[in-house]
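The structure under discussion appears below in the form of structure tokens.
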Amino acid sequence: MGKGLFVTGTGTDTGKTYIAALMVKKLYEAGYHAGYYKAALSGAASIEESDAGYVKRIAGISQPDDTLLSYLYESAVSPHLASRLEGNPVDIEKVKRDYLRVREEYDYVTVEGSGGIVCPIRWDEGQKILLEDIIKLLGLSAVIAADAGLGSINAAVLTAEYIKSRNIGIKGVILNRYHGGTMQEDNAEMIEKLTGVPVLAKVEEGGRELDIAPETLACCYGS
């Protein structure tokens with residue numbers, strides 16, 4: 001049975017899918033048996049056109065499409081609303097089964113969330129599921145993908161504090177669209193000081209690699 005790590009973002013446009021793809025790519029190219037999973041994805045007509053398909057292409061993995069995610073919605077809205085509009089609500093037990101199936105096949109599974117950490121996955125009379133419920137169900141710790149620019153301190157700290165308040169472990173922060181300079185260097189330093197977790201990597205705009213040793217990244221994954 002493999003190990004997993006959850007990737008969440010400080011918002012909907014922080015490059016969470018991009019970061020997840022680079023994480024899988026880093027491990028795969030270093031010889032680790034790396035896989036990917038996402039519970040619910042909205043805003044795509046097919047797996048190939050979706051975030052999951054993007055991760056598969058960028059990472060260069062050959063994982064079967066039908067194992068990449070459990071629920072795909074065409075409506076480009078939050079999963080709880082998309083599932084209501086399309087009449088296909090998320091079954092949390094199916095999510096668990098599908099994730100465990102991927103973990104049986106791959107040693108290191110990167111699990112991507114939907115939107116930011118406070119994202120409703122299902123919200124109806126039958127069941128109320130938030131993203132945090134899935135993280136807890138799968139027994140995962142999280143990595144936070146954050147934009148490196150103006151506002152990143154506030155966004156990263158608030159996200160980290162919310163995660164901690166739910167008794168979910170945090171392995172670190174990965175900064176996207178990083179180009180250095182006084183402000184961004186200070187952002188990284190302040191995020192570490194205020195959250196108490198490390199900035200694991202800094203990714204340049206359009207970068208194709210994480211500046212982290214694959215062994216260090218692999219150590220973030222847990223059972």
Side-chain angles (χ1 to χ4, degrees), residues 1-12 14 16-17 19-20 23-24 27 34-42 51-52 55 67-73 77-84 88-146 155-174 191 194-198 200 217-223:
M1 184 69 75
K3 302 176 180 180
L5 180 63
F6 195 90
V7 182
T8 190
T10 56
T12 57
T14 59
K16 181 177 71 275
T17 299
I19 295 300
M23 291 169 63
V24 179
L27 293 174
Y36 169 88
Y37 174 73
K38 184 164 183 169
L41 191 157
S42 52
D51 290 350
V55 171
T67 68
L68 296 171
L69 71 160
S70 294
Y71 292 90
L72 178 65
Y73 304 109
V77 293
S78 178
H80 80 289
L81 180 56
S83 66
R84 191 186 307 159
N88 185 23
V90 169
D91 178 350
I92 200 163
E93 290 304 319
K94 172 177 170 54
V95 169
K96 184 177 182 179
R97 288 195 305 271
D98 289 352
Y99 166 69
L100 290 177
R101 180 172 61 151
V102 178
R103 254 184 60 182
E104 287 175 354
E105 296 296 326
Y106 299 90
D107 296 331
Y108 294 87
V109 181
T110 301
V111 182
E112 184 189 351
S114 302
I117 188 62
V118 186
C119 180
I121 304 299
R122 175 176 175 176
W123 204 267
D124 55 34
E125 293 180 358
Q127 206 166 15
K128 292 177 172 58
I129 305 170
L130 294 174
L131 191 61
E132 66 197 59
D133 297 316
I134 291 178
I135 303 174
K136 291 178 181 177
L137 177 74
L138 303 184
L140 300 174
S141 293
V143 162
I144 301 170
V157 172
L158 288 177
T159 299
E161 289 304 312
Y162 184 90
I163 293 172
K164 290 176 184 177
S165 75
R166 267 47 184 182
N167 296 315
I168 297 169
I170 308 175
K171 294 298 183 177
V173 176
I174 295 178
I191 285 170
L194 294 174
T195 63
V197 299
L200 296 170
L217 179 61
C219 286
C220 294
Y221 290 69
S223 56

query: Under 4.5 Å between any side-chain heavy atoms of Val90 and Pro79, yes or no?
result: no
Asp91 meets the salt bridge (Lys or Arg N to Asp or Glu O under 4.0 Å) criterion, sequence neighbours left out, with none
Rounding to 0.5 Å, atoms NE2 (His80) and CD1 (Ile129) come to a distance of 12.0 Å
Tightest non-hydrogen contact, residues Met1 and Leu100, listed as SD-O, 4.2 Å
Show your reasoning for whether side-chain contact (heavy atoms from CB on, under 4.5 Å) applies to Leu138 and Phe6. CA-CA 9 Å; Leu138 303 184; Phe6 195 90; 5.6 Å; no
With sequence neighbours left out, the residues meeting salt bridge (Lys or Arg N to Asp or Glu O under 4.0 Å) with Arg166 are Glu132
Sequence neighbours excluded, the answer for salt bridge (Lys or Arg N to Asp or Glu O under 4.0 Å) partners of Glu161 is Lys164
CA sep, side-chain torsions, deciding dist, call: Leu81, Arg84, side-chain contact (heavy atoms from CB on, under 4.5 Å): CA-CA 5 Å; Leu81 180 56; Arg84 191 186 307 159; 4.1 Å; yes
Can you tell me if Lys128 uses its side chain to pair, donor with acceptor, with the backbone of Arg122 under 3.5 Å?
no
Residues Leu41 and Lys38: closest non-hydrogen pair is CD1-CD, 4.0 Å
#### Entry: Short side-chain to backbone donor-acceptor contact, Ser78 and Pro120, under 3.5 Å
yes
Query - Min side-chain heavy-atom separation Val24-Tyr106 under 4.5 Å - result: no
Heavy-atom nearest pair, Ala146 first then Val173, reads CB-CG1, 4.2 Å
All heavy atoms of Ala160 vs all of Thr195, minimum pair found to be CB-CG2, 3.8 Å
Contacts of Tyr36 meeting ring pair (Phe, Tyr, Trp, His ring centres under 6.0 Å) (sequence neighbours excluded), chain-then-number -> none
Is there side-chain contact between Leu200 and Leu217, with at least one heavy-atom pair below 4.5 Å? no
Is there side-chain contact between Ile163 and Ile135, with heavy atoms separated by less than 4.5 Å? no
The reported gap from CD in Gln127 to CD1 in Ile92 (rounded to nearest 0.5 angstrom) is 6.0 Å
Across all chains, not counting sequence neighbours, the salt bridge (Lys or Arg N to Asp or Glu O under 4.0 Å) partners of Asp98 are Lys94
Any non-hydrogen side-chain atom of Asp51 less than 4.5 Å from a side-chain atom of Glu112? yes
Taking the side chain as C-beta and beyond, is there a heavy-atom pair between Leu131 and Thr8 under 4.5 Å? yes
Are Tyr37 and Ser70 side-chain neighbours, meaning at least one heavy-atom pair lies under 4.5 Å? yes
In terms of heavy-atom contacts, Leu27 and Ala34 come closest through CB-CB, 3.9 Å
Using atom types as modelled and distance alone, determine if a side-chain donor or acceptor of Ser42 lies under 3.5 Å from a backbone N or O of Val77. yes
Donor-acceptor pair, distance only, cut-off 3.5 Å: does the side chain of Lys136 make one with the backbone of Ile168? no
All heavy atoms of Tyr73 vs all of Pro89, minimum pair found to be OH-C, 4.0 Å
dist Ile121:CD1 -> Asp133:CG (nearest 0.5 Å) comes out at 9.0 Å
Fill in: Pair Leu5-Thr110, side-chain contact (heavy atoms from CB on, under 4.5 Å): steps then yes or no
CA-CA 5 Å; Leu5 180 63; Thr110 301; 5.7 Å; no
So the ring-ring contact (aromatic ring centres under 6.0 Å, His included) pairs with at least one residue in residues 108-134 (sequence neighbours excluded) are Tyr32-Tyr108, Tyr108-Tyr221
To the nearest 0.5 Å, atom SG of Cys220 lies from atom NZ of Lys3 at 11.0 Å
Exercise. Are side-chain heavy atoms of Arg101 and Arg97 found at a separation under 4.5 Å?
Worked result: no
